[in-house]
Amino acid sequence: MGFIGSGSIGRTLARLAVGAGHQVVLSNSRGPGTLVDTAAELGPRASAATGEEAAAAGDIVVVTVPVSAYPHVPAAPLAGKTVIDTCNYGPERDGHIPELDSESLTSSELLLRYVPGALLVKAFNNIFFKHLLSLARSAGAADRSYLPIAGDSAPAKAAVTEFIDSIGYGVVDAGTLADSWRQATGTPVWGTPYGPYANEKGRPVGEDAIRAALATATR
């Protein structure tokens, strides 16, 4: 697993991935030297690298950066790879982006313009990082939670589903990248089903509840 960006979601995913037996290669915009302590804390399955090195190393690569940083995501090493996009658009942070303000593109479709060879899957953008860590459950657990994913490549979706299963979650297929607005900031499936931020442990959410939340989303 390669990580382009190592913020709250990135570090949480890396922790879950290491716990599930995956190797992780972390990167951020400040250079690998700033991630040495994080990698050491995660243990021998984790290392720090440049963004290009992390992109090249991962069988699956997680892009978890501000939308405004899309132009800096290394495109060449992502060509042909399954890429998980966890990003959410926030004009107050990212500045206004006309295509997103007009809803002519989803944020994932915009990312695809910068990494056109990638097999992009939207995932993990609808859950608070503390809930993501605390709600992971083993396969077959009665209180296993579900996460929506969206993408245009069936093989990439299958690979991401397998990864998500390995770290303790079930998956609901939310459609194509064009449909990924249904899990964007402010939609019914974003944050709320898993409980308030004040409850750091969160609450488990089953498949039917995620499907219902996706179905009630409006633009």
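Side-chain contact check for F124 versus I164: some heavy-atom pair is nearer than 4.5 Å. Looking at Y194 and N199, their side chains never come closer than 4.5 Å, going by heavy atoms from C-beta outward. Between R219 and R182 the shortest side-chain heavy-atom distance does not fall below 4.5 Å. Between F3 and L13 there is a side-chain heavy-atom pair separated by less than 4.5 Å. The side-chain heavy atoms of V83 and V115, taken from C-beta on, include no pair separated by under 4.5 Å. For the pair L147/I210, no side-chain contact is recorded, criterion being any heavy-atom separation below 4.5 Å from C-beta on.
Rounded to the nearest 0.5 angstrom, D143 CG and S138 OG are separated by 9.5 Å.
Looking at N125, D101, T106 one by one, the single match for side-chain hydrogen bond (donor to acceptor under 3.5 Å, both in side chains) with Y89 turns out to be D101.
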Enumerate donor-acceptor pairs with a distance under 3.5 Å from any side-chain N or O in residues 56-65 to protein atoms, sequence neighbours excluded.
residue, atom, partner, partner atom, Å
T64, OG1, T86, OG1, 2.8

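The pair D152-K122 fails the salt-bridge criterion, with no side-chain N (NZ, NE, NH1 or NH2) lying under 4.0 Å from an Asp/Glu carboxylate O.
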Query - R211 vs E207, salt bridge (charged side-chain N to carboxylate O under 4.0 Å, His left out): CA-CA, chis, key distance, verdict - result: CA-CA 6 Å; R211 289 192 187 282; E207 180 178 5; 2.9 Å; yes
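Here the side chain of D94 pairs a donor or acceptor atom with the backbone of G90 at under 3.5 angstrom. R45 places no side-chain N or O within 3.5 Å of a backbone atom of G43 that could act as its donor or acceptor partner. For D165 (side chain) and G168 (main-chain N/O), no donor-acceptor pair under 3.5 Å exists by modelled atom type. In this structure, R203 contributes its side chain and P193 its backbone to a donor-acceptor pair below 3.5 Å. In this structure a side-chain-to-backbone donor-acceptor pair under 3.5 Å is missing from Q183 to S180. Side chain of S153 to main chain of L119: no donor-acceptor pair is present (N/O by atom type, distance under 3.5 Å, no hydrogens or angles).
In terms of heavy atoms, G51 sits closest to I4 at O-CD1, 3.2 Å.
Judged purely by distance below 3.5 Å, without hydrogens or angles, the side chains of T38 and E41 never pair a donor atom with an acceptor atom.
Classified by interplanar angle (parallel below 30°, tilted 30° to 60°, perpendicular above 60°), the ring pair H131/Y197 is perpendicular.
Here H22 and F163 bring their ring centres to under 6.0 angstrom of each other.
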